[in-house]
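Notes follow the structure.
Basis for what follows: all heavy atoms, side chains included, without hydrogens, waters or symmetry-related copies.
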Amino acid sequence: MRASVLYDAPGPRGRRRNLVLTVLFAVLLVVLAYLGYRKFDEKGQFDAALWEPFLRADVWVNLILPGLWNTLSAAATAALIAVPFGFVFGMARLSEHTWIRIPAGAIVEFFRAIPLLIMIFFAQYGGSAVFGLTVTSFSAVVFGLVMYNGSVLAEIVRAGISSLPRGQTEAALAVGLRKGQAMRLILLPQAVTAMMPAIVSQLVVLLKDTALGFIVAYEDLLNAGARILPSNFRNLIPSVIVMAFIYILINVAVGQVATWLEKRSRRSRKTTAKPVAPPDSVTAPASL
């Protein structure tokens with residue numbers, strides 16, 4: 001197994017353990033898949049009539065593809081805003097100026113603590129009831145995704161920069177660079193490589209979290225697969241299975257792009273920083 005943007009290559013013991021676990025879980029997965037197939041088959045969920053809509057071009061053109069486009073649009077818009085948000089507030093949390101560091105920390109901790117579903121709901125209905133604004137479902141979803149994931153990314157950026165040896169900053173200051181220049185020219189380029197796995201993981205979370213737009217009737221992929229299609233064809237289980245498969249393909253594609261970017265980044269620069277785990281997550285010890 002080779003190292004990737006999300007995992008380090010395991011050692012000999014780790015490879016043997018992974019092989020055993022892979023075989024065991026493969027057997028267990030086959031057994032569970034068979035049992036699930038039997039149950040679904042008993043309930044008639046594999047009848048051809050329930051799957052026939054996915055062979056029709058009009059279903060894809062009028063329902064599934066527009067929902068997929070809306071999902072990708074919300075995710076891309078939120079990512080383009082959340083990533084700069086995270087970098088700005090992450091560096092602000094490292095500022096030596098109290099009037100910058102404390103407000104930035106308060107904003108990040110506040111939006112990290114609020115469930116994303118509540119933020120989307122409040123943006124949609126609170127914006128209208130409290131501020132008299134007309135907030136579209138797209139804007140509500142993007143707002144929630146940006147504030148939550150941007151705050152998590154800010155913690156990732158802060159941890160990534162903090163993981164660099166202190167001597168990096170001291171050397172930059174010793175050659176006459178100002179603190180802002182040291183951050184921009186020395187620390188941040190090195191930290192980006194270390195932060196890449198955690199950033200990619202959070203962007204995958206962001207993409208999946210677009211499904212929470214279901215609460216404000218955002219016409220995304222989940223809405224098409226769990227609400228519109230079943231209401232027309234009475235095929236909830238087949239629809240959800242197909243939508244899940246599409247989500248898997250999208251996330252695998254995101255991971256492949258991230259792996260390619262990470263390889264290019266490692267070829268262009270070397271870093272002494274260690275990879276950063278996403279906040280509030282538990283990282284297993286590396287295999288020997």
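- In this structure, CD1 in Ile156 is found 9.0 Å from CG in Asn149, a value given to the nearest 0.5 Å.
- With hydrogens and angles disregarded, no donor-acceptor distance shorter than 3.5 Å links the side chain of Thr77 to the backbone of Ala74.
- Atom CG of residue Leu188 and atom CD1 of residue Ile161 lie 5.0 Å apart, to the nearest 0.5 angstrom.
- One hydrophobic cluster, built from ILVMFWY side chains closer than 4.5 Å, holds both Ile114 and Met147.
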| task | Report the C-alpha separation of Arg101 and Thr98 in whole Å, then their side-chain angles, then the decisive distance to 0.1 Å, and conclude whether the side chain to side chain contact (heavy atoms under 4.5 Å, CB included) test is met. | result | CA-CA 5 Å; Arg101 184 177 65 254; Thr98 304; 3.5 Å; yes
| field | Verdict with supporting geometry, Trp51 and Ile241, side chain to side chain contact (heavy atoms under 4.5 Å, CB included) | value | CA-CA 11 Å; Trp51 295 86; Ile241 291 174; 4.2 Å; yes
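- By the 6.0 Å contact criterion, CZ on Arg56 is enclosed, its count of non-hydrogen atoms from other residues, nucleotides or ligands being greater than 12.
- A single hydrophobic cluster is seen to contain both Tyr247 and Ile237, as judged by linkage of ILVMFWY side chains at heavy-atom distances under 4.5 Å, directly or through other members.
- Hydrophobic clustering keeps Leu68 apart from Val240 (ILVMFWY residues linked when any side-chain heavy atoms are closer than 4.5 Å, directly or through intermediates).
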| request: For Val83 and Leu203, run side chain to side chain contact (heavy atoms under 4.5 Å, CB included): C-alpha distance rounded to whole Å, both residues' side-chain angles, the deciding distance at 0.1 Å, then the answer. | output: CA-CA 9 Å; Val83 171; Leu203 291 180; 4.2 Å; yes
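- Residue Ile118 is grouped with residue Leu145 when hydrophobic side chains (ILVMFWY) are merged at heavy-atom distances under 4.5 angstrom, including chains of intermediate members.
- Under the 4.5 Å side-chain criterion, counting only non-hydrogen atoms from C-beta, Met243 is not in contact with Leu222.
- Remark: Leu50 CG to Phe40 CZ distance equals 12.0 Å, nearest 0.5 Å.
- Side-chain N or O atoms of Asp41 include none that pairs as donor or acceptor with a backbone N or O of Tyr37 at under 3.5 Å.
- Across all their heavy atoms, Ile215 and Ile120 have their closest contact at CG2-CG2, 4.3 Å.
- Among all heavy-atom pairs drawn from Ala226 and Leu236, the shortest one is O-CD1, 3.9 Å.
- Closest approach of Gln45 and Pro238 over heavy atoms only: OE1-CD, 3.4 Å.
- Not counting sequence neighbours, Ser137 has no partner by the side-chain hydrogen bond (donor to acceptor under 3.5 Å, both in side chains) test.
- Under the side-chain hydrogen bond (donor to acceptor under 3.5 Å, both in side chains) criterion, Asn235 pairs with Ser239, sequence neighbours left out.
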| request: Apply side chain to side chain contact (heavy atoms under 4.5 Å, CB included) to the pair Glu109 and Arg93, showing each step before the final yes or no. | output: CA-CA 11 Å; Glu109 293 301 329; Arg93 295 205 67 181; 3.1 Å; yes
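- The distance from atom OG1 of Thr22 to atom CZ of Arg17, rounded to the nearest 0.5 Å, is 11.0 Å.
- Nearest heavy-atom pair, Pro84 versus Ala79, reported as atom, atom and distance to 0.1 Å: CD-O, 4.1 Å.
- In this structure, Glu96 places its CD atom where only 12 or fewer heavy-atom neighbours from other residues, nucleotides or ligands lie under 6.0 Å away.
- Hydrophobic clustering of Ile, Leu, Val, Met, Phe, Trp and Tyr side chains at less than 4.5 Å, counting indirect connections, keeps Val205 apart from Val200.
- In this structure, Leu94 CG and Arg158 CZ are separated by 7.0 Å, a value rounded to the nearest 0.5 Å.
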Which side-chain N or O atoms in residues 85-92 pair as donor and acceptor under 3.5 Å with protein atoms at least two apart or in another chain?
none

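- Heavy atoms only, all atoms of each residue included: Leu221 and Ile64 are closest at CD1-O, 3.9 Å.
- Looking at Glu155 and Val152, their side chains never come closer than 4.5 Å, going by heavy atoms from C-beta outward.
- Applying the side chain to side chain donor-acceptor pair (under 3.5 Å) test to every pair with at least one member in residues 208-223, sequence neighbours left out, gives these pairs: Asn223-Arg227.
- For the atom pair CD1 of Ile250 and CG of Leu72, the computed distance is 5.0 Å after rounding to the nearest 0.5 Å.
- Partners of Phe121 according to the ring-ring contact (aromatic ring centres under 6.0 Å, His included) rule, which considers only residues two or more places apart in sequence or in another chain, are Tyr125.
- Members clustered with Val20: Leu24, by chain and number, using a 4.5 Å side-chain heavy-atom cutoff among hydrophobic residues.
- Considering every non-hydrogen atom in both Arg112 and Tyr148, the closest pair reads O-CE1, 3.7 Å.
- Here the side chain of Ser139 pairs no donor or acceptor atom with the backbone of Val135 at under 3.5 angstrom.
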